[in-house]
*Asks:* 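Have a look at the structure that comes next, please.
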Amino acid sequence: MSDATLPKGYEPADVEARWGKHWEDNKTFSPDPAEVLSGEKQPYSIVIPPPNVTGALHMGHALNLTLQDILCRFMRQQGKSVLWVPGTDHAGIATQNVVERQLKKEGKKRDDLGREAFIERVWDWKKEYGDRILNQIRRMGASVDWTSERFTLDEGLSKAVREVFVRLYGEGLIYKGNYIVNWCNRCHTALADDEVEHAPKKGKLYRIRYALADGSGELIVATTRPETLLGDVAVAVHPEDERYTFAIGKKVILPLVGKEIPVIADAYVDKEFGTGCLKITPAHDMNDWALARTHGLEVIPVIDDKGDMNENAPEAYRGMGKNACRDKVVEDLEALGLLVDIADHDHSVGECYRCKSVIEPHVSEQWFVKVAPLAKAAREAVPAQTKIFPAQWEKTYYEWLDNIRDWCISRQIWWGHRIPAWTCEACGELIVQTEDPTNCPKCGGALKQEDDVLDTWFSSALWPFSTLGWPEKTDKLKAYYPTGVLVTGFDILFFWVARMMMMGIHFQEQVPFHHVYIHALVRDEQGKKMSKSTGNVIDPLEMIGKYGTDSLRFTLTAFAAMGRDIKLSEKRIEGYRHFVNKIWNSARFALMNMEGAPRAELKDAQGLANRWILHRLEEVKDEVESATLEYRFNDIAQGLYRFIWNEFCDWYVEMAKGDLYGTDEAAKEATRKVLLTVLSETMVLLHPVMPFVTQEIWTALPGITNPDLATVRYPERRPQFKSEQAARDMAFFQGVVGATRAIRTELCIDPAKKLPLIIDTAGDNPNAFDIIHNNMALIMSLARIDSVIYAPGNDGPYASGTAIVEGCRIFVPLEGLVDFSTELARLDKELGKLDKQLAALKGKLSAPGFANNAPADIVAAENEKLAGIEDAKAKMTELQERLKSALAEEA
RNA sequence: GGGCGGAUAGCUCAGUUGGCAGAGCAUCGGCCUUACAAGCCGGGGGUCGCAGGUUCGAGCCCUGUUCCGCCCA
């Protein structure tokens, strides 16, 4: 678009496709590390939180991408060398499940294919569908560097993963051991603590008699899982629980099994819960496991990895499913008279975050990272080297790191980074190294690699440096590590952020990012989590189709700092589409009035409107910059919204029409220049939030030297245009126009009717006379007035609508046009407002101690305010009295 | 059970060193005023969850309390 016109309506789809392609084809967002290494530019980098390769763009992604894009585009405007790395996560369990479902349709299982073929199959799937989410990122307008795209399972990242694993193993920070883990019977794998979700469930609490072996009585034990009693190794009571002190050290007979187990004392037991007697099943309960360790108790698993009772259970129960076994155990206990009762009991149950199956604590051999040393460094780095925004999350971060347990990193699935450890089948030697060994270095025997793969988060934890080429010492790594900020939701603060901190510090000796910005979760308008099953999902792509990317981005930005959750509804997006339209139309207006005006440097500002809008523009530049640097995204959006709509469109453009449509060529030229300057600089300020509409308008502006707005620098400051005087003068002008309009509307004057206006400029504003004198034509057009009489001390006719603006009385003569009882009532209402303010102010000023204790400037300001209101009240009362008596005389 | 956050207009929420409670949407009234009816002009609407405290002054700071949400156990 070269000529200075714009089509009547903004067509987002066309513009987005065109510019998206332009930016990608021109590699606009692919920086050269050399410009950083040479010292020419400062680096600014962000690594994208890699979405699951199986994923589809949802509102959380849309928010996350929008905020990062605002930062990246803004930093480019600041002259930084900006690298935003895109990519996807291989998402072990999720992706494997997708392909397994595919196989199921063909009537096959993964075992039918075997490991190699299955993995091949997953790669095929990835090739076919893995780009979906990436293309959706494109549609958000994200200014990522596509030449830097990575996948957590690609070759380079695999190298990084092996390097890290081998080094940690060498340092004794990775070990293999028996441990109780969260086990999903369905996914057939161990899960990390934070992959387990806790959901409230209705359950039962069973009370069961355990007889003391010496026949001196019985203990009644409360449990929610009676089937696990087959694996009990002790009963525990609180050491200070007087009901049971007699039993401590004795033995009880384990029902249905018949063996004797000890009664132990431990302060962990909650005296209030159930009966105060806790049965200890170390193999099937996390807490019992811990208790068994401190008391040196045996661990007897009775449930196997499929959820069935194993050979340690009495013969009657072997092979039964755990649920069936529970029924049988209860039945048998009842038959033996050992069951006291069953009560309803609500408790929280762990579920697999992938398939929602109930988690079964399970003892097995797994690989672990010893995290305590890593966690210590990660904790200490905050906030000195890495600052978390908002800072309240620091506490949560510390809380987690202080209570961290070793990280179970092995998963019994196939899709993922296979653990680089081999066991010699001959001598049992364990080999851990980056390169695949051929045979045992000790005895030459055949080797077998570990079957397990690594937790997906293990590779994600390396993302900030693995994507930059580590373990190679690449220019990219040197230039862009550490990254500037990590932008993410709080839900993965632990899964991911804390682990990146640990790995980054350990392997790069530097934190992976200077800042962490934690943003809200996007919920539906009722505040519920969006989910497909609830059917309350608002699809970002659908919204983009209906309202355009810019509308969606602006909406998310405007709500970005509003607390922890964003309640989103389609109506809001639709509302901000109106804003996009408003911007478009204001640009159309400006271009219609440019007539190819040459772009020349702005030297001075003439006229109230120009002086004022340039002053405001300077303020907005400051606001947008500081808000962006401080991650106050909603302030960026709101500041620009107000400026563009309520100031630029509603006032400036309307006032500019005076010059633009007038005959004073010099004024016309000056105003064109200001109009073009404000419009074009506003497009730059808004570009990070709304890249497309601003770019499209930018291209149409006359005199543009750089047509690609994405590479245009942030506007220079013009401090000479900052003018508090202009702001004050404008406020008075707006007051006069606003008061006049209000009189018209509230007295129901025909809008077409032109009225005269009389202003007594002898008020509190020393510039009143000049402001009115110099802007008479504007007042006439904005307030629909046909004549203005202004002079200090002038009285208008009593038969007027009246108002007080900064102590100036304004009169709209309405003789014969209205019923003046309406005006009297209107003045009553206004006086009522003044009285309210007066009462509050007087109360404050007369309060004992105010004059003495409050700062002098506050006292002076309050007194001035009081004088102003009292003056206005006196004047208004007088006007009302005058009108009243005149009306009485007439009658 | 431990921790964190929220409660402000009908709705969704701003409110950055304590100094006259704001916005958007919704609502009511009036306008096709030559960029925009996806618009313009004007109006109404709040005991800032509750109870105390600090202060000349509290939506904001402190204590307690109720309700809601989230995380961890």
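Chain naming here is simple, since letters A, B, ... match the order of the sequence lines and numbering starts at 1 in each. Predicted model only: the values in this text are computed from it and were never measured.
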*Asks:* How many Å lie between OH on Y576(A) and P on rG39(B), as a whole number?
*Replies:* 13 Å
*Asks:* With a non-hydrogen cut-off below 4.0 angstrom, is K865(A) in contact with a base, only sugar-phosphate, or nothing?
*Replies:* base
*Asks:* At 4.0 Å (heavy atoms only), tell me whether R577(A) reaches a base, stays on the sugar-phosphate, or touches nothing.
*Replies:* base
*Asks:* Under 4.0 Å between a side-chain N/O of K8(A) and OP1 or OP2 of rC36(B), yes or no?
*Replies:*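 For rC36(B), OP1 or OP2 has a side-chain N or O of K8(A) closer than 4.0 Å.
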*Asks:* Between OH of Y10(A) and CG of D550(A), what distance do you get to the nearest 0.5 Å?
*Replies:*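 The distance works out to 4.5 Å.
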*Asks:* What distance, rounded to whole Å, do you find between the two P atoms, one in rG10(B) and one in rG49(B)?
*Replies:* 13 Å
*Asks:* Whom does rU47(B) pair with, Watson-Crick or G-U wobble, provided both distances fall under 3.5 Å?
*Replies:*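 For rU47(B), the partner nucleotide comes out as none, under the 3.5 Å rule.
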*Asks:* Expressed in whole Å, how much space separates the P atoms belonging to rA58(B) and rA21(B)?
*Replies:* 11 Å
*Asks:* Base, sugar-phosphate alone, or nothing: which one does E630(A) contact when heavy atoms must sit under 4.0 Å apart?
*Replies:* nothing
*Asks:* Scan V653(A) against the nucleic acid and name what it touches under 4.0 Å (heavy atoms): base, sugar-phosphate only, or nothing.
*Replies:* base
*Asks:* Establish, with yes or no, whether the OP1 or OP2 oxygen of rC56(B) is under 4.0 angstrom from a side-chain nitrogen or oxygen of N853(A).
*Replies:*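 So the side-chain polar atoms of N853(A) do come within 4.0 Å of the phosphate oxygens OP1 or OP2 of rC56(B), strictly under.
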*Asks:* Considering only atom C1', compute the distance from rG15(B) to rG19(B) and round it to an integer number of Å.
*Replies:* 14 Å
*Asks:* Taking the P atom of each, how far is rA23(B) from rC62(B), in whole Å?
*Replies:* 28 Å
*Asks:* Let's test this: given Watson-Crick or G-U wobble pairing with both distances under 3.5 Å, identify the partner of rA9(B).
*Replies:* none
*Asks:* Which whole-number value in Å describes the distance from E862(A) CD to rG57(B) C1'?
*Replies:*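 After rounding, the reported distance stands at 9 Å.
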*Asks:* With respect to the phosphate group of rC36(B), does any side-chain polar atom (N or O) of K582(A) fall under 4.0 Å of OP1 or OP2?
*Replies:*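 Negative; the distance criterion is not met.
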*Asks:* Counting distance alone, no hydrogens or angles: does the base of rC25(B) have a donor or acceptor under 3.5 Å from a partner atom on the side chain of K571(A)?
*Replies:* no
*Asks:* Round to a whole Å and report the spacing from CD1 of I743(A) to P of rG30(B).
*Replies:* 20 Å
*Asks:* Is C649(A) touching bases, backbone alone, or none of the nucleic acid, heavy atoms closer than 4.0 Å?
*Replies:*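 The residue C649(A) makes base contact.
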*Asks:* Would you say the rings of H515(A) and Y631(A) are close, in the sense that their centroids are separated by under 6.0 Å?
*Replies:*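 Here the rings of H515(A) and Y631(A) have centres that are less than 6.0 Å from each other.
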*Asks:* Regarding I858(A), tell me which of base, sugar-phosphate or nothing describes its non-hydrogen contacts under 4.0 Å with the strands shown.
*Replies:* base
*Asks:* Using the P atom as the point on both nucleotides, what is the distance between rG53(B) and rG59(B), in whole Å?
*Replies:* 15 Å
*Asks:* Quick one: which of rA73(B), rA35(B), rU12(B) gets closest to the side chain of N287(A)?
*Replies:* rA73(B)
*Asks:* Is the base of rA73(B) touched by the side chain of E399(A) through a donor-acceptor pair closer than 3.5 angstrom?
*Replies:*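 Side chain to base: no pair below 3.5 Å.
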*Asks:* Is a side-chain N or O of R553(A) found less than 3.5 angstrom from the main chain of L63(A), in a donor-acceptor match?
*Replies:* no
*Asks:* Are the side chain of S800(A) and the backbone N or O of T802(A) linked by a donor-acceptor pair below 3.5 Å?
*Replies:*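 Absent.
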*Asks:* Using only side-chain N and O atoms of Y398(A), determine if any of them is under 4.0 Å from OP1 or OP2 of rC4(B).
*Replies:*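 False: Y398(A) side-chain N/O out of range (4.0 Å or more) of rC4(B) OP1/OP2.
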*Asks:* Across all strands, who's sitting opposite rG1(B) as a Watson-Crick or G-U wobble pair, both distances under 3.5 Å?
*Replies:* rC72(B)
*Asks:* For rC11(B) and rC56(B), measure between their C1' atoms and round to the nearest Å.
*Replies:*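 That atom pair is separated by 38 Å.
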*Asks:* Could you check whether E862(A) pairs with K865(A) (Lys NZ or Arg NE/NH1/NH2 to Asp/Glu carboxylate O, under 4.0 Å)?
*Replies:*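 Looking at K865(A) together with E862(A), the answer is yes, because their closest N to O distance falls below 4.0 Å.
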*Asks:* Counting any heavy atom closer than 4.0 Å, what does A854(A) reach on the DNA or RNA strands: base, sugar-phosphate only, or nothing?
*Replies:* base
*Asks:* Quick check on E864(A): does its CD atom have over 12 non-hydrogen neighbours (other residues, nucleotides or ligands) under 6.0 Å away?
*Replies:*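 No - once you tally the heavy atoms of other residues, nucleotides and ligands closer than 6.0 Å, there are 12 at most.
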*Asks:* Could you tell me the Watson-Crick or G-U partner of rG39(B), where both distances fall under 3.5 Å? Say none if there is no partner.
*Replies:* rC31(B)
*Asks:* For the side chain of F850(A), starting at C-beta, report the closest nucleotide among rG19(B), rC20(B), rG24(B).
*Replies:* rG19(B)
*Asks:* Closest approach to the side chain of T745(A), judged atom by atom: which nucleotide of rG19(B), rG30(B), rG29(B) is it?
*Replies:* rG29(B)
*Asks:* Separation of K842(A) atom NZ from rC20(B) atom P, in whole Å?
*Replies:* 19 Å
*Asks:* Provide the distance between the two C1' atoms, one in rU27(B) and one in rA9(B), to the nearest whole Å.
*Replies:* 12 Å
*Asks:* Side chains of Y641(A) and N646(A): do they bring a donor and an acceptor to under 3.5 Å?
*Replies:* no
*Asks:* Which part of the nucleic acid does D650(A) contact within heavy-atom distance under 4.0 Å: base, sugar-phosphate only, or nothing?
*Replies:*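 Answer is sugar-phosphate: D650(A) comes under 4.0 Å of backbone atoms only.
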*Asks:* Rounding to the closest angstrom, what is the interatomic distance between rC32(B) and rA38(B) at atom P?
*Replies:* 16 Å
*Asks:* It should be established whether W645(A) places a side-chain nitrogen or oxygen under 4.0 Å from OP1 or OP2 of nucleotide rC40(B).
*Replies:*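 For rC40(B), OP1 or OP2 has a side-chain N or O of W645(A) closer than 4.0 Å.
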*Asks:* Assign R784(A) to base, sugar-phosphate, or nothing according to its heavy-atom contacts below 4.0 angstrom with the strands shown.
*Replies:*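 Touches a base.
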*Asks:* Once you measure the plane-to-plane angle for F589(A) and Y661(A), does it fall in the parallel (<30°), tilted (30-60°) or perpendicular (>60°) bin?
*Replies:* perpendicular
*Asks:* Write down the partner of rG52(B) under the Watson-Crick or G-U wobble criteria, each distance required to be under 3.5 Å.
*Replies:* rC62(B)
*Asks:* Respond yes when some side-chain nitrogen or oxygen of H578(A) is under 4.0 Å from OP1 or OP2 of rG39(B), and no when none is.
*Replies:*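 It does, given that an N or O in the side chain of H578(A) lies less than 4.0 Å from OP1 or OP2 of rG39(B).
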*Asks:* Round to a whole Å and report the spacing from CD1 of I749(A) to P of rC31(B).
*Replies:*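 Distance check: I749(A) CD1 to rC31(B) P gives 13 Å.
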*Asks:* If you check the N581(A) side chain, which of rA35(B), rG24(B), rC36(B) turns out closest?
*Replies:*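 Looking only at side-chain atoms, N581(A) lies closest to rC36(B).
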*Asks:* Using a 4.0 Å heavy-atom cut-off, does F579(A) contact any base of the nucleic acid, only the sugar-phosphate backbone, or nothing at all?
*Replies:* nothing
*Asks:* Taking CG from L827(A) and P from rG43(B), how many angstroms apart are they, rounded to a whole number?
*Replies:* 14 Å
*Asks:* To the nearest angstrom, how far is M286(A) atom CE from rA73(B) atom C1'?
*Replies:*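 So the two atoms are 12 Å apart, to the nearest Å.
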*Asks:* Does the pair K873(A)/E870(A) count as a salt bridge with the N-to-O cut at 4.0 Å?
*Replies:*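 Salt bridge: no.
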*Asks:* Can you work out whether S586(A) or A851(A) has the more 5'-proximal nearest nucleotide on RNA chain B?
*Replies:* S586(A)
*Asks:* Between K833(A) and K395(A), which is nearer to the 5' end of RNA chain B once each is assigned its nearest nucleotide?
*Replies:*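 Closer to the 5' end of RNA chain B: K395(A).
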*Asks:* For N646(A) and rC40(B), what is the distance between atoms CG and C1' respectively, to the nearest whole Å?
*Replies:* 13 Å
